[in-house]
Asker: 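Pasting a structure here, questions to come.
Protein chains get the first letters and strands the later ones, always in sequence-line order, with residue 1 at the start of each. Please read all numbers here as calculations on a predicted model, not as lab measurements.
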Amino acid sequence: MIILEDVHYSYDGVYTALRGISLQVDDGERFAVIGANGAGKTTMVKHMNGLLRPQKGRVILDGRDTKFMSVAEIARKVGLVFQNPDHQLFLDSVKKEVEFGLRNIGFTESEAAQRRQKTLASLGLEGFAERSPFTLSGGERKRVALASVLSTEPRFLALDEPTIGQDAHQKNQLAQMLAEMNKRGRTVVVVTHDIEFVIENFPRTIAMADGQIIADGSTNMVLSNDEVIERCSLAPPQMTLAARALRNVFPEVGQRLTLLSELEETIMGILGGA
Amino acid sequence: MALIEFADFSFKYLGADSLALKRIKLTIDNGEYVVITGPSGCGKTTFCRAINALVPQFHRGYVAGNVYTDGKNTREYEVATFASVAGLVFQNPENQLVTLDVEKEIAFGPENLGVAPSEIRRRVEELIELLDLEELREKHPHEMSGGEQQRVAIAATLALKPKVLVADEPTSNLDPQSAEAILEIIAHLNKRGMAVVLVEHRLDLVAKDASRIILMDKGRIVADGDPREVLAMDLCEEIGVGVPKATQVYKRLKTRGIELGNVPLTGVELAELVQEATSR
Ligand SMILES: Nc1ncnc2c1ncn2[C@@H]1O[C@H](COP(=O)(O)OP(=O)(O)O)[C@@H](O)[C@H]1O
Ligand SMILES: Nc1ncnc2c1ncn2[C@@H]1O[C@H](COP(=O)(O)OP(=O)(O)O)[C@@H](O)[C@H]1O
Ligand SMILES: [Mg+2]
Ligand SMILES: [Mg+2]
């Protein structure tokens, strides 16, 4: 379990990037963090894996204050995939990059190679093992960064904007991998602007604005709140816009968040299901 | 003469084992708004680099065929020649900004090309107005939000008066509202006559602005045409293109025997088509 207690943080001593974050993450949970650029999402997840330490407040990991734990000790439990892969990748082949973390936490050479192969394949990167990360396309590099953390399957997984530059297939592959790990008991935290990715994959959503949490609850509830949508600088999903436009004419169309399949059924209903 | 012509162009990066672009043949004309989409690694960035000669002159490799930008062969003229024809905007504006403030950033390119100071002043003022940068005038680019930085990067690119704006996933690091603001500016520039080539995965955001969508897969162009026609193709799902949700609903209804008449690209269009269908 991770508990953030009234966490404050400022990078420069002038602007406060986190202003009293309190949050409990239970084992085996799966949730999304949303918020406008600059809301403090990255700063918050960096507190979860010990890269940043609170200047006020506490972060408690499995009952221990992280103040008294080393970065390495925390990193064994909490894996973080950075927003920008350029800040994470530093070796000269994809293979070394992914096996590095695995060897670090004690996997033998052959185990590491096996896990590396499996993870690269699940992320559509088979055939990339010998490539240098610096010769990859942006989306490929992002997936290598994901692979290097996902392969170690830490108990807590924090992914900072993992869907950037990924197409629909790749997003589905990622969602599926995260769902499987979650089923095996791993906790998954994802920072993202991709509201459809959130609706389809995460039951709980935390919304941040100006260094504070402004909503925390079921995804359905949080994303139905217009103030949240506005302050998180989100665009309402197209399905919500469609439902709203339909509701003007067909009052039977529901008020709540709409999934694609629900809208499909609604329209089938309106058009007589012919 | 076409603004951009790919004449059977192929390219393989040095050390790569497959072609990043395979026998690309197409032309792009003045005033078009072309969206390029396709799986990551399919060659979109390479395509953009080929327009302004970064491929093959900066990124080296094996080349076959030719690209002509504004009539000039990208293998024969210097890279600098193309900076004032095709302006490139990238995903990470921070990698693109070089100077200390907005005015200097905008003036930087034309100064390097030896444009007269009075003309530079005129362009700076015009672009500050066009991109709504007045409030950022005194700010250091590194104190700006991602959306603000991207607006400055676009202004700096436009200062060279390019004929085509080539934007490679310019909004993927931005939150949706900042992204929409940037895309509105790009659509506005297109309406004023500038050709646009935009790489984007989130077709929900851009399909409505585009005059043409090009689908790429494994270095090839696999579809090219009117956005509604291209997005209605099953090929999109096969290669993993993020078809707008409204278009997806249209397709699903179609397989169930409901024909909406036209292909919607947005939720509002979808709702309108449903209303029309009920009143028929
Ligand atoms: N390394 C840094 N130095 C100074 N300020 C920073 C740094 N990183 C982030 N900030 C500032 O902290 C605030 C929160 O940033 P961040 O956590 O990156 O937000 P988000 O991930 O939600 O976009 C922003 O105002 C940002 O400008
Ligand atoms: N500098 C490079 N050296 C070698 N291969 C590269 C280089 N840049 C890109 N590639 C490869 O070329 C292909 C196309 O990449 P790119 O044009 O960046 O794709 P996209 O922008 O569609 O994601 C990919 O397979 C990528 O791995
Ligand atoms: Mg961030
Ligand atoms: Mg690219």
Asker: Is the count of non-hydrogen atoms from other residues, nucleotides or ligands lying under 6.0 Å from B:Lys218 atom NZ greater than 12?
Answerer: no
Asker: Counting only non-hydrogen atoms closer than 4.5 Å, does B:Thr45 touch chain A with its backbone (N, CA, C, O), its side chain (CB onward), both, or neither?
Answerer: neither
Asker: With only heavy atoms counted, which part of A:Thr192 is less than 4.5 Å from chain B, the side chain, the backbone, both or neither?
Answerer: neither
Asker: Please give me the minimum heavy-atom distance between B:Glu169 and A:Gly165, naming the atom from each residue.
Answerer: OE1-CA, 3.5 Å
Asker: So B:Val249 and A:Ile267, do their side chains get closer than 4.5 Å, heavy atoms only?
Answerer: yes
Asker: Going from CD1 on A:Ile270 to CD on B:Gln275, what distance comes out if it is rounded to the nearest 0.5 angstrom?
Answerer: 9.0 Å
Asker: Are the charged groups of A:Glu200 and B:Lys245 less than 4.0 angstrom apart, N to O?
Answerer: yes
Asker: Does A:Asn37 offer a backbone N or O that forms a donor-acceptor pair with the side chain of B:Asp175 under 3.5 Å?
Answerer: yes
Asker: Quick check on the interface: out of B:Val268, B:Asp204, B:Val241, who has the most heavy-atom pairs with chain A under 4.5 Å?
Answerer: B:Asp204
Asker: Which answer fits A:Arg244, side chain, backbone, both or neither, if we ask what part of it has an atom under 4.5 Å from a heavy atom of chain B?
Answerer: neither
Asker: Give a yes or no answer on whether the side chain of A:His169 reaches the backbone of B:Glu238 with a donor-acceptor pair at less than 3.5 Å.
Answerer: yes
Asker: Given heavy-atom pairs under 4.5 angstrom as the criterion, report whether the side chain, backbone, both or neither of B:Ile239 touches chain A.
Answerer: backbone
Asker: Would you give the length of the straight line joining atom CD of B:Gln177 to atom CZ of A:Arg231, rounded to the nearest 0.5 angstrom?
Answerer: 12.5 Å
Asker: For A:Leu271 and B:Leu260, run side-chain contact (heavy atoms from CB on, under 4.5 Å): C-alpha distance rounded to whole Å, both residues' side-chain angles, the deciding distance at 0.1 Å, then the answer.
Answerer: CA-CA 10 Å; A:Leu271 295 181; B:Leu260 285 178; 3.9 Å; yes
Asker: What are the two closest non-hydrogen atoms of B:Ala271 and A:Ala242, and how far apart are they?
Answerer: CB-O, 3.8 Å
Asker: Find out whether A:Arg143 and B:Ser40 are in side-chain contact, i.e. whether some heavy atom of one side chain is under 4.5 Å from a heavy atom of the other.
Answerer: yes
Asker: Can you tell which part of A:Tyr15 gets under 4.5 Å to a heavy atom of chain B, answering side chain, backbone, both or neither?
Answerer: neither
Asker: May I ask you to check whether over 12 heavy atoms, not counting those of A:Glu252, lie within 6.0 Å of atom CD?
Answerer: yes
Asker: Counting only non-hydrogen atoms closer than 4.5 Å, does B:Glu237 touch chain A with its backbone (N, CA, C, O), its side chain (CB onward), both, or neither?
Answerer: backbone
Asker: Do the side chains of B:Arg202 and A:Asp194 get nearer than 4.5 Å, heavy atoms only?
Answerer: no
Asker: Tell me, side chain or backbone of A:Glu230 under 4.5 Å from chain B's heavy atoms, or both, or neither?
Answerer: both
Asker: Side chain, backbone, both or neither: which part of B:Glu259 has a heavy atom under 4.5 Å from chain A?
Answerer: neither
Asker: Would you mind checking which part of A:Ser233 comes under 4.5 Å of any heavy atom in chain B, side chain (CB onward), backbone (N, CA, C, O), both or neither?
Answerer: both
Asker: Would you say that A:Gln238 contacts B:Leu270 through its side chain, given a criterion of any heavy-atom pair below 4.5 Å between the two side chains?
Answerer: no
Asker: Do you know which of A:Gly35, A:Ala36, A:Gly38 has the most heavy-atom pairs under 4.5 Å to chain B?
Answerer: A:Ala36
Asker: Apply side-chain contact (heavy atoms from CB on, under 4.5 Å) to the pair B:Ser172 and A:Glu161, showing each step before the final yes or no.
Answerer: CA-CA 10 Å; B:Ser172 57; A:Glu161 308 208 13; over 6 Å; no
Asker: Quick check on the interface: out of B:Val243, B:Leu174, B:Asp168, B:Thr266, who has the most heavy-atom pairs with chain A under 4.5 Å?
Answerer: B:Leu174
Asker: Using every non-hydrogen atom in the two residues, find where B:Pro176 and A:Ala235 come nearest and quote the distance to one decimal.
Answerer: CB-N, 3.5 Å
Asker: Identify which of A:Glu140, A:Arg131, A:Glu196 forms the greatest number of heavy-atom pairs closer than 4.5 Å to chain B.
Answerer: A:Glu196
Asker: Answer whether the closest heavy-atom distance between the side chains of A:Ser261 and B:Arg252 falls below 4.5 Å.
Answerer: yes
Asker: Quick one: what part of A:Gln170 sits under 4.5 Å from any heavy atom of chain B, side chain, backbone, both or neither?
Answerer: side chain
Asker: Do B:Arg256 and A:Glu265 meet the salt-bridge criterion of a basic N to acidic O distance under 4.0 Å?
Answerer: yes
Asker: Answer with side chain, backbone, both or neither: which region of A:Leu125 has an atom nearer than 4.5 Å to a non-hydrogen atom of chain B?
Answerer: neither
